[in-house]
Protein chains: 4
Amino acid sequence: MPTSRDPTRYEQQRLEAIKAAAAEFAEHGFHGASTAGIARRMGIKQGSLYYYFKSKDEALFEVCMLGIRDYVRRMEVIAASDQPFESRLLATVTSHLSSYREKNEALKVYNTERLYLSEEERTDLKRQGSRYRQLLEGIFEEAAEMGLLRPSVDCHFAALSVIGLCNAWGELIVRDPELNVFDLVQQCTDLLQHGLCAGRQPTQHRG
Amino acid sequence: MPTSRDPTRYEQQRLEAIKAAAAEFAEHGFHGASTAGIARRMGIKQGSLYYYFKSKDEALFEVCMLGIRDYVRRMEVIAASDQPFESRLLATVTSHLSSYREKNEALKVYNTERLYLSEEERTDLKRQGSRYRQLLEGIFEEAAEMGLLRPSVDCHFAALSVIGLCNAWGELIVRDPELNVFDLVQQCTDLLQHGLCAGRQPTQHRG
Amino acid sequence: MPTSRDPTRYEQQRLEAIKAAAAEFAEHGFHGASTAGIARRMGIKQGSLYYYFKSKDEALFEVCMLGIRDYVRRMEVIAASDQPFESRLLATVTSHLSSYREKNEALKVYNTERLYLSEEERTDLKRQGSRYRQLLEGIFEEAAEMGLLRPSVDCHFAALSVIGLCNAWGELIVRDPELNVFDLVQQCTDLLQHGLCAGRQPTQHRG
Amino acid sequence: MPTSRDPTRYEQQRLEAIKAAAAEFAEHGFHGASTAGIARRMGIKQGSLYYYFKSKDEALFEVCMLGIRDYVRRMEVIAASDQPFESRLLATVTSHLSSYREKNEALKVYNTERLYLSEEERTDLKRQGSRYRQLLEGIFEEAAEMGLLRPSVDCHFAALSVIGLCNAWGELIVRDPELNVFDLVQQCTDLLQHGLCAGRQPTQHRG
DNA sequence: AATGAATGAGAGTTCATTCAT
DNA sequence: CATGAATGAACTCTCATTCAT
């Protein structure tokens with residue numbers, strides 16, 4: 001039983017175009033990428049791309065949208081769930097890192113190329129990005145209230161750090177298809193929760 | 001009466017050119033940047049740039065070099081010192097983050113644009129980047145042998161995570177001149193050492 | 001059950017297409033106009049236009065034809081009539097100027113865009129245009145023989161001037177829908193007959 | 001003794017470019033013309049054009065400016081002079097028609113292609129065009145007050161008719177290099193002053 | 001009778017690069 | 001040292017046209 005509305009052929013092809021653009025932008029950067037390259041990946045001629053995009057800029061915008069759409073949606077689900085904090089952190093990291101594997105390179109493109117969009121397109125996206133960070137920040141604030149975080153931890157800093165760490169690993173995931181995302185999720189979550197050092201004294205002078 | 005054996009002025013101007021290129025590349029990306037823009041920042045004309053660079057590619061290479069040269073050198077110093085582990089971690093983070101403030105965006109350019117260099121130029125740089133990572137990894141390995149790290153921590157993962165986290169914050173530092181780097185250093189180091197969560201490390205079975 | 005021998009509907013639609021093309025060409029010029037624009041005016045899709053035209057060039061040709069066909073035909077009637085000279089001049093101007101209102105810009109397109117047609121298409125049209133001028137010239141020659149024109153008047157010059165003046169006003173008529181064509185006809189005819197100046201014609205040495 | 005400031009080489013070449021553009025636009029219309037064609041006329045390569053123009057649009061604007069600049073200036077002189085009316089009319093027609101010979105095709109381009117300019121560029125030009133018409137209208141009003149015009153003549157209509165008639169002949173002058181402009185000036189002026197018909201009765205019913 | 005999809009040629013434009021001066 | 005002038009290749013984008021359905 002298919003979903004309520006089958007995508008038209010046009011919609012299907014347009015999605016292909018967006019994915020091809022994502023790959024091309026990820027490889028060469030927005031300005032270094034050529035519409036010819038995108039078309040080649042799709043197996044159509046360059047001019048035909050413009051049947052699906054009004055401009056290269058629009059292509060970038062659509063790629064960025066593809067990159068964060070479900071990404072934000074998943075965070076909504078995680079934030080709304082009543083799981084314990086540590087599960088939600090794990091879920092967040094899992095969602096974030098596995099997005100890099102699943103979404104072609106759209107998320108990477110969102111991260112590195114969105115600043116080349118026009119003002120208005122960017123604000124449209126920024127709303128989504130901010131929402132993600134706020135949801136994550138909210139999770140930390142809840143945890144802080146429950147005394148689950150170390151007192152020195154700032155929630156804003158924490159959220160940005162989680163995002164930053166995941167994006168850094170995401171870049172590596174995209175570049176290296178051998179990387180085991182599952183292991184990485186464990187390690188990142190572990191790092192975020194407990195840090196690298198043994199013991200518990202924050203500023204321990206030795207010798 | 002200037003003579004050919006006074007390279008100072010040329011070297012000075014060349015450094016200006018590299019910094020101008022760094023700024024231009026940081027703002028528009030390598031492919032989005034124009035040699036005209038670089039020249040404008042220097043107050044010279046487009047064609048005159050070629051007195052300092054053989055090509056735009058070379059400019060990128062020099063920017064990247066500027067970006068990591070002292071950056072690696074400082075890590076050499078840190079690694080060679082006999083300070084305790086935690087001081088060295090602090091020194092590493094300090095060096096990394098403050099580089100983003102001091103180096104005119106060159107480090108950012110190194111991170112995001114170096115992949116557009118030719119194969120050989122890249123290997124030249126990669127040596128330096130790898131060296132940095134190895135030194136850092138070495139520090140972690142020493143610490144691990146001394147039992148300073150939690151046993152679940154993988155040193156390779158740790159080194160890449162430190163670099164990734166610092167780069168992520170570095171991007172923010174470059175974009176937002178108001179950010180207090182000193183505070184950030186404290187917070188990052190704290191996070192890396194002890195993580196976000198309070199209390200009972202669950203996987204602490206030592207000896 | 002429609003049969004191939006009922007061309008009416010097709011002919012109707014084709015006429016619509018020609019008028020749409022006329023409007024598009026008048027607004028953007030031949031080269032600036034797009035087949036998409038023509039189709040949009042008709043409410044059909046771009047590709048469907050080719051059911052009515054073999055090419056954009058053919059469309060231009062048809063528009064030009066529409067523009068001058070009855071225009072010439074009316075002049076034939078005027079020239080053949082036995083009205084006095086001044087009535088014929090009035091009729092000519094009336095026909096010319098009101099064509100601009102009635103013919104959906106086709107006459108304007110004929111005037112300004114016909115030079116973009118191929119050699120052979122143009123000669124086809126030129127016959128009609130020349131015929132118009134010759135008929136008008138003939139009217140003047142008749143009048144000259146009857147001593148109705150000032151002796152200094154050259155009939156070829158007169159015909160071209162009438163056409164030129166009417167075309168100039170025609171452009172304004174097309175652009176400004178408020179212009180009162182009836183008044184304009186009076187004024188133009190008056191100008192052509194008696195000029196602008198009062199009194200004693202200086203070169204009036206007759207007989 | 002050269003004028004106070006010799007044009008630089010750049011200014012010279014830019015003027016050449018404008019003239020080449022005028023010729024190209026006159027022949028193919030703005031949209032039908034190609035920058036390659038303009039460059040070819042100048043003997044430079046297509047891309048080099050952009051050293052002199054920011055865009056094809058700017059080229060059109062400059063051509064139009066060239067077309068009317070002195071054209072308006074000359075009318076200022078004529079309007080300011082204290083010659084009798086008939087001399088000024090003659091001067092106007094002379095200036096107008098000879099402009100078509102002298103100015104390459106810039107004036108023709110101004111007439112037929114200016115509507116493809118952007119809104120703001122057009123208003124800039126419109127000021128000049130309106131000024132021309134107003135000056136001419138002023139000449140007619142003066143003449144009317146002195147009783148030199150037939151009472152039925154409307155000065156606004158008269159000015160537009162003079163302009164329209166001259167433009168119509170201008171087109172022919174541009175297209176046909178054999179046309180004798182001097183003769184034409186006489187004929188046009190004569191027509192405008194006294195009309196085509198002998199006698200002086202405006203609405204004379206015969207028979 | 002009409003359309004969706006694609007094409008390919010050509011357009012305007014940008015830009016790294018060169019070089020005589 | 002530096003520039004003005006030019007180049008040519010690449011790029012994005014447009015559009016008349018075709019054709020299976």
Side-chain angles (χ1 to χ4, degrees), chain A residues 8-10 12-14 28 30-39 42-59, chain B residues 2 4 9-10 13-14 30-39 42-60, chain C residues 2 9-10 13-14 17 30-39 42-60, chain D residues 8-10 12-14 17 30-39 42-59:
Chain A
T8 64
R9 169 151 170 68
Y10 179 84
Q12 277 173 24
Q13 277 285 91
R14 187 158 200 271
H28 300 109
F30 175 66
H31 288 114
S34 78
T35 54
I38 300 171
M42 289 183 68
I44 64 175
K45 294 298 155 65
Q46 191 216 33
S48 311
L49 254 194
Y50 287 75
Y51 190 64
Y52 300 106
F53 296 129
K54 263 207 299 287
S55 70
K56 194 185 175 188
D57 273 87
E58 186 184 299
Chain B
S4 64
R9 164 115 178 94
Y10 177 83
Q13 277 284 93
R14 187 159 201 269
F30 175 66
H31 288 112
S34 77
T35 56
I38 300 171
M42 290 183 67
I44 63 173
K45 291 297 156 60
Q46 197 181 9
S48 313
L49 257 191
Y50 286 75
Y51 188 67
Y52 301 107
F53 298 127
K54 257 208 311 284
S55 71
K56 193 184 175 190
D57 274 270
E58 188 186 296
L60 176 56
Chain C
R9 164 116 178 93
Y10 177 83
Q13 277 284 94
R14 188 157 200 269
F30 175 65
H31 288 112
S34 78
T35 56
I38 300 172
M42 289 184 67
I44 64 174
K45 291 296 155 64
Q46 196 182 9
S48 311
L49 257 191
Y50 286 74
Y51 189 67
Y52 301 108
F53 298 127
K54 257 206 314 283
S55 71
K56 194 184 174 190
D57 274 271
E58 187 185 298
L60 176 56
Chain D
T8 65
R9 167 151 170 68
Y10 178 84
Q12 276 173 25
Q13 277 285 92
R14 188 159 200 269
F30 176 66
H31 288 113
S34 79
T35 54
I38 299 171
M42 289 183 68
I44 63 175
K45 293 297 154 69
Q46 192 213 31
S48 310
L49 253 194
Y50 286 77
Y51 189 65
Y52 300 105
F53 296 129
K54 266 210 297 290
S55 69
K56 194 185 175 189
D57 274 88
E58 186 184 299

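The structure displayed is predicted, hence computed values, not measured ones. Proteins get letters first, then strands, A, B, ... in listed order; numbering begins at 1 in each.
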| said: Let's test your reading of the model: under 3.5 Å, does the base of F:dC13 pair with the side chain of A:Q46 as donor and acceptor? | reply: yes

| said: For a quick check of understanding: with a heavy-atom distance under 4.0 Å over all strands, which category does A:A39 fall into, base, sugar-phosphate or nothing? | reply: nothing

| message | Heavy atoms only, 4.0 Å cut-off, all strands: where does B:A59 land among base, sugar-phosphate and nothing? | response | nothing

| Candidate nucleotides E:dT14, E:dA2, E:dT17, ranked by approach to the side chain of D:Y50 - the nearest | E:dT14

| note | For E:dA20, the nucleotide meeting Watson-Crick or G-U wobble distances (both under 3.5 Å) is F:dT3

| query | Watson-Crick or G-U wobble partner for F:dC13, using a 3.5 Å limit on both distances? | reply | E:dG10

| Looking at E:dA11, F:dG8, F:dG4, which one has an atom nearest to any side-chain atom of B:K45? | F:dG4

| Taking atom C1' of E:dA6 as reference, at what distance in whole Å does atom CE of A:M42 sit? | 11 Å

| request: Take A:S48 and D:G43, find for each the nucleotide of DNA chain F with the closest heavy atom, and name the residue whose nucleotide sits nearer the 5' end. | output: D:G43

| message | Assuming nearest nucleotide by heavy-atom distance, tell me which of A:K56 and D:R9 is located more 5' along DNA chain F. | response | D:R9

| message | When you compare the side chain of B:R14 with that of B:F53, does any pair of heavy atoms fall below 4.5 Å? | response | yes

| D:L49 CG to F:dA5 C1', straight-line distance once rounded to whole Å | 13 Å

| Reckon B:Y52 has a side-chain N or O less than 4.0 Å from the OP1 or OP2 of F:dA2? | yes

| Minimum-distance nucleotide (side-chain atoms of C:I44 versus F:dC1, E:dT3, F:dT17) | E:dT3

| Are any of the side-chain heavy atoms of B:I44 and B:Y51 separated by less than 4.5 Å? | no

| Looking only at atom types and distance, does a side-chain atom of C:K56 sit under 3.5 Å from a main-chain N or O of C:F30, one as donor and one as acceptor? | yes

| task | Compare side-chain N and O positions of D:Y51 against OP1 and OP2 of F:dA5 and report whether any pair is under 4.0 Å apart. | result | yes

